[in-house]
Amino acid sequence: MLMPKKTKYRKMMKGRMKGHETRGTQLELGSYGLQAQDPAWITSRQIEAARRAMSREIKRGGNVWIKIFPDKPITKKPAETRMGSGKGNPEYWVAVVKPGRILFELEYPQREVAVRALELAAQKLPIRAKVVEKTGE
């Protein structure tokens, strides 16, 4: 599972997911990509599940790039704990995703297989995502 090796602070504030993504909205490495349509927190488990689904579909001969990284710790208090007594401990890591962000990129010779793999990956994520293709430049 993806997570940072080291962080400056153990706990982080929630923050707000306003607006659209300004960076990471264009394909850079692959010919096909998966672009987020909604704002969300995507956990490291969801990223790994999507990666596995894609890798299983393309088998060999293709490349997959993960363009998001879960660097935000989400805390949770233990079950049946009374109110107060501070913030809980970090439980899992999430990547903050805004609409327009490219989540995964894929390089594969056959278009049908590549699109199918990205659609399978999209089903593993908690947001709507669309498959985008690199236009001939």
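Positions are given from 1, in the same order as the sequence printed here.
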(request) Check the surroundings of atom NZ in K98: do more than 12 heavy atoms from other residues, nucleotides or ligands lie under 6.0 Å from it? (result) yes
(request) Enter the distance from D71:CG to S44:OG here, rounded to the nearest 0.5 Å. (result) 11.5 Å
(message) I'd like to know if R52 pairs up with E48 as an ion pair, taking the criterion as any Lys NZ or Arg NE/NH1/NH2 lying under 4.0 Å from an Asp or Glu carboxylate oxygen.
(response) yes
(request) Side-chain contact test, heavy atoms from C-beta onward, threshold under 4.5 Å: evaluate it for E107 versus L29 and give yes or no. (result) no
(message) With heavy-atom distances below 4.5 Å as the criterion, would you say the side chains of I74 and W41 are in contact?
(response) yes
(request) Evaluate the side-chain proximity of R51 to I66: yes if any heavy-atom separation is below 4.5 Å, no if none is. (result) yes
(message) Hydrophobic clusters here meaning ILVMFWY residues chained together by side-chain heavy-atom distances under 4.5 Å, can you tell me if L118 and V64 are in one?
(response) yes
(request) Output, in order, the C-alpha distance, side-chain angles, deciding distance and verdict of side chain to side chain contact (heavy atoms under 4.5 Å, CB included) for R111 and S31. (result) CA-CA 9 Å; R111 183 188 179 281; S31 302; over 6 Å; no
(message) Tell me whether the count of non-hydrogen atoms from other residues, nucleotides or ligands lying under 6.0 Å of NZ in K87 goes above 12.
(response) yes
(message) Y92 vs T75, test: side chain to side chain contact (heavy atoms under 4.5 Å, CB included). Steps then yes/no.
(response) CA-CA 7 Å; Y92 57 96; T75 61; over 6 Å; no
(request) For side chain to side chain contact (heavy atoms under 4.5 Å, CB included), just list the numbers for R116 and V113, CA-CA rounded to whole Å, side-chain angles, deciding distance to a tenth of an Å, and then say yes or no. (result) CA-CA 5 Å; R116 175 80 182 119; V113 178; 5.7 Å; no
(request) Look at atom CD of E133 and say whether more than 12 heavy atoms of other residues, nucleotides or ligands are closer to it than 6.0 Å. (result) yes
(message) According to a hydrophobic-cluster definition based on side-chain heavy atoms being under 4.5 Å apart (Ile, Leu, Val, Met, Phe, Trp, Tyr only), do L34 and I127 belong together?
(response) yes
(message) Please check this pair: side chain of K72 against backbone of K14, looking for a donor-acceptor N/O pair closer than 3.5 Å.
(response) yes
(message) Applying the salt bridge (Lys or Arg N to Asp or Glu O under 4.0 Å) criterion to D38, which one of R128, R101, K130 satisfies it?
(response) R128
(request) Quickly, which of L125, V94, L103, I68 forms a side chain to side chain contact (heavy atoms under 4.5 Å, CB included) with I47? Name it, please. (result) I68
(request) First locate atom CH2 of W65, then atom CZ of F104, and finally report the distance between them rounded to the nearest 0.5 Å. (result) 13.5 Å
(request) Check E21 against T25 and note the closest heavy-atom contact, atom names and distance. (result) O-CG2, 3.6 Å
(message) Are I58 and V132 connected into the same hydrophobic cluster when the rule is that any two of I, L, V, M, F, W, Y join if their side-chain heavy atoms are below 4.5 Å apart?
(response) no
(request) Report yes or no: do M17 and F69 belong to one cluster of Ile/Leu/Val/Met/Phe/Trp/Tyr joined by side chain heavy-atom distances under 4.5 Å? (result) no
(message) Taking the side chain as everything from C-beta on, heavy atoms only, tell me whether E28 gets closer than 4.5 Å to K67.
(response) yes
(request) Identify whether L2 and M54 are in the same connected component of the hydrophobic contact network (ILVMFWY, side-chain heavy atoms under 4.5 Å). (result) yes
(request) Using a 4.5 Å cut-off on heavy atoms from C-beta on, say whether the side chain of P99 contacts that of Q37. (result) no
(request) Can you see which heavy atom on R60 is nearest to which on Y108, and at what distance? (result) O-CE1, 3.5 Å
(message) Are E105 and L27 packed together at the side-chain level, in the sense that at least one heavy-atom pair is separated by less than 4.5 angstrom?
(response) yes
(request) Check whether any side-chain heavy atom of P90 sits under 4.5 Å from a side-chain heavy atom of R10, and report yes or no. (result) yes
(request) Indicate yes or no: at least one non-hydrogen side-chain atom of P126 is less than 4.5 angstrom from one of Q46. (result) yes
